[in-house]
2 protein chains.
Amino acid sequence: MSTATIGPEAPATARPLPVLNDCCTPTSAMSDDDASLLAGMFKALADPARVKILSMLLNAAEVCACDFSAGIGKTAATTSHHLKLLRDAGLVTGDRRGTWIYYRVIPQRLAAIRDALTLGQ
Amino acid sequence: MSTATIGPEAPATARPLPVLNDCCTPTSAMSDDDASLLAGMFKALADPARVKILSMLLNAAEVCACDFSAGIGKTAATTSHHLKLLRDAGLVTGDRRGTWIYYRVIPQRLAAIRDALTLGQ
DNA sequence: TCAGTGTTTAGATAAACGTCGAAACAAGGT
DNA sequence: ACCTTGTTTCGACGTTTATCTAAACACTGA
């Protein structure tokens, strides 16, 4: 049996996300790069199937990839597509243990997104 | 001079968003409705132009609509489109005062999105 | 009422996205 | 070696989205 980490294409310890406040002035917005980076993270969450996947992962230490398809009501191919997007965003990680791949959420990354939305203070 | 609230098409005091944790089991995801509602909120943030608009709004009590176009580098029409999406999501609100429309962020709504991402304690 | 400025809507177009079936790849068991 | 099961990639299709120009709408001040 092999144990190999599946993704993430984006490292789990990616650089901190920019925050929305304290980043610019009322008449000039944040940089293109920062805005794209943040928007990309939100895009990773901007689909009901991916929200559902995350909801399953947040109620267990880990979830077998084989359970997502039934859980979200999509084909295995579609499920795999969404898992890849979540991996690429650095939100989840999976490791193969024999036949199955087990996924976990990366809490620090989710917290970083939350922090990007935190208002003044 | 008239003072009329522009939007939001979604009320500022919308019902609380569902949260990702404590909503379901490891093998069954959250409901279609909850997932769509949450995904819709994230979709509202899933574009660099809208992130930039928000970044401007979070650095001022209010911002004149006339400033967004230059701030995000898009035409007035495109800017108006993005503002509408943010209004529909209940994230911002604007009121016309004479010639200009001034926009404000709705902090409670932003906080609700952040809370939806909060992990179990 | 008219001209000027700010804002939104309508229509069009190109790119991005979600979805599926089918095929390919990976691992384990016989 | 083969077959079975789990997972990903490929190719295609229809929908949604972002963007623009042009036209319409809203308001102010002369």
Side-chain angles (χ1 to χ4, degrees), chain A residues 1-9 27 29 32 35-36 39-54 62-89 92-103, chain B residues 1-9 27 29 32 35-36 39-54 62-89 92-103:
Chain A
M1 173 206 287
S2 63
T3 295
T5 295
I6 307 300
E9 280 75 355
T27 49
D32 276 7
S36 293
M41 298 307 296
F42 291 123
K43 198 171 294 190
L45 299 171
D47 183 275
R50 295 195 287 276
V51 168
K52 284 187 178 186
I53 288 174
L54 224 48
E62 56 187 14
V63 175
C64 177
C66 59
D67 286 328
F68 287 123
S69 187
I72 72 175
K74 296 282 149 92
T75 66
T78 298
T79 302
S80 176
H81 165 72
H82 288 300
L83 283 171
K84 175 165 171 47
L85 293 187
L86 288 171
R87 286 199 311 269
D88 289 352
V92 308
T93 184
D95 63 288
R96 179 181 286 268
R97 295 205 287 278
T99 305
W100 294 282
I101 297 179
Y102 294 91
Y103 276 90
Chain B
M1 172 208 288
S2 63
T3 296
T5 295
I6 306 300
E9 280 75 356
T27 50
D32 276 7
S36 293
M41 299 304 298
F42 290 123
K43 197 172 294 191
L45 298 171
D47 183 276
R50 295 195 287 277
V51 168
K52 283 186 178 185
I53 287 175
L54 224 47
E62 57 187 14
V63 175
C64 177
C66 60
D67 286 328
F68 288 123
S69 187
I72 72 175
K74 297 280 149 85
T75 66
T78 299
T79 303
S80 176
H81 164 72
H82 288 300
L83 283 171
K84 174 166 172 48
L85 294 187
L86 287 171
R87 285 200 312 269
D88 289 353
V92 308
T93 184
D95 63 288
R96 178 182 287 263
R97 295 207 287 278
T99 304
W100 294 283
I101 297 179
Y102 293 90
Y103 277 90

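- Remark: C1' of dG6(C) and CG of D67(B) are 12 Å apart, rounded to the nearest angstrom.
- Look at CG on L83(B): it is 7 Å from P on dT8(C), rounded to the nearest Å.
- Summarising the geometry, the separation between CD1 on I101(B) and P on dT7(C) is reported as 6 Å, rounded to the nearest angstrom.
- Ring geometry for F42(B) versus F42(A): interplanar angle under 30°, hence parallel rather than tilted (30 to 60°).
- Between D95(A) atom CG and dA26(C) atom C1' the separation is 15 Å, expressed in whole Å.
- A sub-4.0 Å separation between OP1 or OP2 of dA26(D) and a side-chain N or O of R97(B) is absent.
- Looking at residues two or more places apart in sequence or on another chain, you find a side chain to side chain contact (heavy atoms under 4.5 Å, CB included) between A44(A) and A89(A), L91(A).
- What separates CZ of F42(A) from P of dT17(D) is a distance of 18 Å, to the nearest Å.
- Ranking dT8(C), dT7(C), dT8(D) by closeness to the C66(B) side chain, first place goes to dT7(C).
- Closest to the side chain of S80(A), out of dT7(D), dG6(C), dT8(D), is dT8(D).
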| field | Base-contact (B) and sugar-phosphate-only (S) positions in nucleotides 16-23 of chain C, heavy-atom cut-off under 4.0 Å, - elsewhere | value | -SSBBBB-

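- Scanning for side-chain hydrogen bond (donor to acceptor under 3.5 Å, both in side chains) contacts around H82(B) gives R50(B), with sequence neighbours left out.
- Across all strands, A76(B) comes closer than 4.0 Å to base atoms (heavy-atom distances).
- Under the rule for a side chain to side chain contact (heavy atoms under 4.5 Å, CB included), the partners of C64(B) that lie at least two apart in sequence or sit in another chain are C66(B), D67(B), W100(B), Y102(B).
- The side chain of K84(A) sits closest to dT9(D) out of dT9(D), dT28(D), dT9(C).
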| said: Let's go through D32(A) and K52(B) carefully: what are the C-alpha distance in whole Å and the side-chain angles of both, what is the deciding distance for side chain to side chain contact (heavy atoms under 4.5 Å, CB included) to 0.1 Å, and is it a yes or a no? | reply: CA-CA 8 Å; D32(A) 276 7; K52(B) 283 186 178 185; 2.2 Å; yes

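- Between the P atom of dT7(C) and the CH2 atom of W100(B) lies a distance of 9 Å, rounded to the nearest Å.
- Residues meeting the side chain to side chain contact (heavy atoms under 4.5 Å, CB included) test with S36(B), sequence neighbours left out: P48(A).
- In this structure, the OH atom of Y103(B) is 15 Å from the P atom of dG6(C), given to the nearest Å.
- The side-chain hydrogen bond (donor to acceptor under 3.5 Å, both in side chains) check on T79(A) picks up nothing, with sequence neighbours excluded.
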